[in-house]
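Since the structure comes first, as structure tokens, the remarks are kept for the end.
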Amino acid sequence: MIVSVIVDVESKQINRVFDYLVPEHFKQTVRPGMRIIVPFGPRKVQGFVIHTKHESDVDPGRLKPFDDIVDVKPALTSELLALAEWLTDHTLCLQVTALKSMLPAAMRAAYDKRISLADDASRTNLDSALLPFFKRTGDVMWDEVKKTEPGLLKIVQKEVKNGLLTIEPVVKSRETKKRVTVIEPLLPQDQLLEKADETDARAPKQALLLRYLSKITAPAALTRLLEETGISRATVKAAVKNGWADQRQVEEYRDPYEGREFKSTEPLPLMNQQKEALDSICRSLDENEHRTYLLHGITGSGKTEVYLQAIDRALKQGKEAIVLVPEISLTPQMVHRFKERFGSDVAVLHSALSKGEKYDEWRKIRDREVTVAVGARSAIFAPFENLGMIIIDEEHETSYKQEEEPRYHARDVAVERGRTYSCPVVLGSATPSLESFARAKKGVYTLLTMGSRVNNVKLPGVRIVDMREELRNGNRSMFSTDLLDAMNDRLEKKEQMVLFLNRRGYSTFIMCRDCGYVAECPHCDISLTYHRSNQTCQCHYCGYHVTRPNRCPDCESEHIRFFGSGTQRVEEELKKVLPEARVIRMDVDTTRRKGSHEKLLTAFEKGDGDILLGTQMIAKGLDFPNITLVGVLTADTMLHIPDFRSSEKTFQLLTQVSGRAGRHKKPGEVIVQSYTPDHFSIQLVKNHDYLSFFGREMVYRRQSDYPPYFFMALINISSEDLTKVVTVSGKIGEFLRKSLAETTVVHGPAASAVPRIKDRYRYQCMVKYKTEPKLAHTLKEILKTYQTEMTRSDLAITIDTNPYMLM
DNA sequence: AGCACGCCGACT
DNA sequence: GTCGGCGTGCTC
């Protein structure tokens, strides 16, 4: 018996299957989708079994048996193995990269070396630098040595040559399972009580323990037992020794929601528009028909309730469901709604969980202990085998696109899986991506529209304030008179408000007023942001930071000024103009710690704050009844980034934040401050007019050959050597033009929008096409041509067949 | 990737 | 004579 294996070596040359013999004792257990440990050249690596067979094309003498099996159950189902192949083809990534991306991070292998003394006598002759590590008997792991003294590898290798040490490569598993000690009575209840009566006089603690044991029906956690009875570990030990009880370790799933109560909810009554949407979706479900629905429902129209009831129907048919939400930790409210409706049937996979917690949630899916997976992008690979429903909430969100390899879009994967399982895929949004809406209009997707809010709550009134006008009237502050008045009004009425600004830190750039010097990152072509809390200037691209200069590094002038405002600056300013207001600031800097995000939101919900000030992360999913005012401080920052989607992003963001106001009984108001108030993506927010926005934006996309009219592919070339980047990208551009059809447009090569990041120069070529059968082949050809140069030098070529980040 | 093999310059 | 530089090639 032979297995074909994709080994965990990320290199173009190794991107194919290798065959291994199956050792006799594994013949019954090994199956496709399992991870195994294989010898690969001189080392050991992890590999994925792709299929089993009885003959190999490889010379039988060269076949080696594999070492071990990692998984008890296959990590990947046969469907996911096929999906990995699809991912590889569509994103042009390595097969092993696709396979690994489907597993939780805790299941990715780590490698180490075990160093042992050749024999006991070797110790005396060992290089003195290594002695501290070999004082005790037993082996030493290289990772341990590296931690204290990374330079010692040379000496270790020398001693290997001298025959004093041996090195054995090992594959470490990062999977840690949480274990708890449990106690279980070994005697029936009546005997326990009998024994308790006997021991009462001599050993009261034993008696207490025996009575406790007589009451339990399932094994009890030791820690809890000790806590509740107040007896000591020694007492328990004695009882175990007496043969009254058994103590053992059991595996436990870490429950990130432990101790939290979710009251269960019943389906809510639906409005007509919701019913119609639900009926269409359920029809596909009942008929086992794959169909992609675009659920276009304005903010507050009750999309979530439609998802919940559609899922419920799928579960009742014995099927499973996947729900994707953008960066789920950011929308705890959404998680709660699923937990409340489906209780312990839900596994949650979000970025704020620890690796171990994610692994446990993932195992619940694999072991079929749950039937619903709610999570961010990678949850689309949930290893279900009878999928009945896939839902992508806020489908326009760009976080569904992975910006590392494999560069996939969860929406595409969802449609592919929906096709395999013949099940409906529901894309929901108040502001669909242009791609999806265009597809819905063409009939590729089925459009479902929900145009009014639940209970007919009115959409908030939106006012657009011209900040140039404010300036002309002598208001140089960051708050317009309108916004300030409105804020004062809400403070008086004890109502809450949300202030939105998509820039963290304190200021956007630092400039010397005397000589015009602007502080820039020495490793990236980008200006530094001032962070007031720790008095540093930071680069948001590479993390470089320096203490703030008091004098201009160029001309020694003291007139260093900070321009533009970030959330920290606004917070400070708010303290000045509204000293009595309680402000809760929410951005990457205040939510870095685990759970802090939710803590801040709960505080705001409880009314511990009047103003919630934040970046992007407060734009989605917030649903608090007391919010009656939303202020957008600078609507145009998004508009000026060099990206053809900038108008779309601006409109989506403004509409989303607007939706945070007046979702319940109290009417809401939105004030948008802008320096370009006449731009259509800002004007059309006023009437929440998605359709007009769609129409206007499509005209621009058609004129400029952008998606959805054209497809794109982006080739990025980078190196520390600028000359190399220029020559290589030049050749690539030439090759693209020569190889592709005449109707295809090739832009560049040109320097990227951020021409240097982390000391690497970056150039790019852009391909825009309608149909291009030769594209995949041409791009693969490019990678093949530069394959050796990429391994031998620092040259890097990355290809994105559906780019969202054009920087 | 990571490791061995192999062929040329500067040291005990 | 040997140590070590990194070009080349291979991994079932």
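Each chain gets a letter, A, B and so on, in the order the sequences are listed, and its residues count up from 1.
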key: Exam field: side chain R760(A) to backbone D794(A), donor-acceptor pair closer than 3.5 Å   = yes
task = Grab the CD-P distance between E789(A) and dT8(C) for me, whole Å please.
result = 13 Å
inquiry  = Base, sugar-phosphate or nothing for I2(A)? Non-hydrogen atoms, less than 4.0 Å.
reply    = nothing
ask   = Within the structure shown, what part of the strands sits under 4.0 Å from F40(A) by heavy-atom distance: base, sugar-phosphate, or nothing?
value = base
ask   = If you check every side-chain atom of R792(A), which of dC12(C), dT8(C), dC10(C) has the closest atom?
value = dT8(C)
query = Between R16(A) and dC12(C), is there a side-chain N or O to OP1/OP2 distance below 4.0 Å?
reply = no
ask   = Could you give the CD-to-C1' distance, from Q46(A) to dA1(B), as a whole number of Å?
value = 15 Å
inquiry  = Using whole Å, what does the distance between atom P of nucleotide dT11(C) and atom OH of Y20(A) come to?
reply    = 10 Å
task = For the residue pair P406(A) and T88(A), establish whether any side-chain heavy-atom pair is separated by less than 4.5 Å.
result = no
task = Tell me what T791(A) touches on the nucleic acid: a base, only sugar-phosphate, or nothing, going by heavy atoms under 4.0 Å.
result = sugar-phosphate
request  = In whole angstrom, give the distance that lies between atom CD of Q13(A) and atom P of dT8(C).
outcome  = 13 Å
ask   = Taking atom C1' of dT11(C) as reference, at what distance in whole Å does atom CG of D19(A) sit?
value = 13 Å
request  = Ignoring hydrogens and angles, state whether a donor on the side chain of T91(A) or E405(A) is under 3.5 Å from an acceptor on the partner side chain.
outcome  = no
ask   = Separation of D67(A) atom CG from dC12(C) atom P, in whole Å?
value = 11 Å
ask   = What is the distance from atom CG of D71(A) to atom CE of M34(A), rounded to the nearest 0.5 Å?
value = 6.5 Å
ask   = To the nearest Å, how far apart are F18(A) CZ and dT11(C) C1'?
value = 6 Å
Separation of atom CD in Q787(A) from atom P in dA1(B), rounded to whole Å = 10 Å
